[in-house]
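Hydrogens, waters and symmetry mates play no part in the numbers below; they use all other heavy atoms, side chains included.
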Amino acid sequence: MEDFNYKLVMFGFSALCEDLEEVKRRLSIYPAERYNLENGDECFLVNLSTRQIYPILLKNNRFVIDGL
């Protein structure tokens with residue numbers, strides 16, 4: 001069984017991720033245009049061990065994790 005440390009939520013869909021590298025890979029596949037077309041408030045990362053929530057923002061046409 002895999003150990004998941006993060007839950008990535010993008011535009012109402014979620015994915016469990018093992019580490020930050022996997023999160024970054026997943027963020028790179030989303031087109032930046034989608035952030036403006038859909039609700040950017042629905043983009044965030046949850047650290048499953050601490051329950052800390054980090055917003056996902058669009059900066060310079062790239063998705064970045066605010067606070068990490």
Side-chain angles (χ1 to χ4, degrees):
M1 184 171 162
E2 297 180 51
D3 287 326
F4 297 110
N5 296 307
Y6 297 96
K7 180 179 180 180
L8 176 63
V9 179
M10 295 291 287
F11 311 110
F13 297 97
S14 65
L16 294 173
C17 301
E18 292 180 21
D19 54 31
L20 284 176
E21 290 305 314
E22 183 178 357
V23 171
K24 291 175 183 177
R25 281 192 304 273
R26 288 179 177 272
L27 287 176
S28 71
I29 64 171
Y30 289 99
E33 299 80 18
R34 192 167 178 186
Y35 193 84
N36 294 321
L37 294 173
E38 298 190 43
N39 189 357
D41 291 340
E42 294 181 13
C43 301
F44 56 91
L45 179 68
V46 180
N47 180 322
L48 295 175
S49 61
T50 65
R51 303 293 186 223
Q52 176 102 19
I53 297 174
Y54 302 94
I56 304 291
L57 306 175
L58 185 64
K59 292 185 180 179
N60 299 322
N61 279 339
R62 296 185 62 150
F63 290 105
V64 295
I65 304 163
D66 189 35
L68 280 182

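Ion pairing of E21 with R25 is absent here, as no side-chain N (NZ or NE/NH1/NH2) approaches a carboxylate O to less than 4.0 Å.
Between the CD atom of E42 and the CZ atom of F13 there is a distance of 9.5 Å, given to the nearest 0.5 Å. In this structure, the separation between CZ on F44 and CD on Q52 is 13.0 Å, given to the nearest 0.5 Å. Note that the CZ atom of F4 and the OG atom of S49 stand 14.5 Å from one another [nearest 0.5 Å]. Taken to the nearest 0.5 Å, the CG atom of D3 stands 11.5 Å off from the CG atom of D19. Atom CD in E33 sits 12.0 Å away from atom CD in E38 (nearest 0.5 Å). Separating the CD1 atom in I29 from the NZ atom in K24 is a distance of 16.0 Å, to the nearest 0.5 Å.
Pairing each heavy atom of L8 with each of C17, the nearest pair is CB-SG, 4.3 Å. When all heavy atoms are compared, the tightest approach of N47 to Y54 is CB-CE1, 4.3 Å. When all heavy atoms of L16 and E22 are compared, the closest pair comes out as O-OE2, 3.8 Å. The shortest heavy-atom contact between C43 and F11 is SG-CE2, 3.5 Å.
Put simply, M10 and I53 are part of two different groups of oily side chains (I, L, V, M, F, W, Y) that touch within less than 4.5 Å, one to the next. Residues Y30 and V9 do not share a hydrophobic cluster, defined by chaining ILVMFWY side chains whose heavy atoms lie under 4.5 Å apart. Cluster membership for L57 and L27, using ILVMFWY side-chain heavy atoms within less than 4.5 angstrom, is shared.
Using a 4.5 Å heavy-atom cutoff, the side chains of L68 and L45 are in contact. Two residues are said to be in side-chain contact when any heavy atoms from C-beta on lie closer than 4.5 Å; Y6 and V46 fail this criterion. The shortest side-chain heavy-atom distance between I56 and D66 does not fall under the 4.5 Å cut-off.
Counting non-hydrogen atoms of neighbouring residues, nucleotides and ligands closer than 6.0 angstrom, the CZ atom of R34 exceeds 12 such neighbours.
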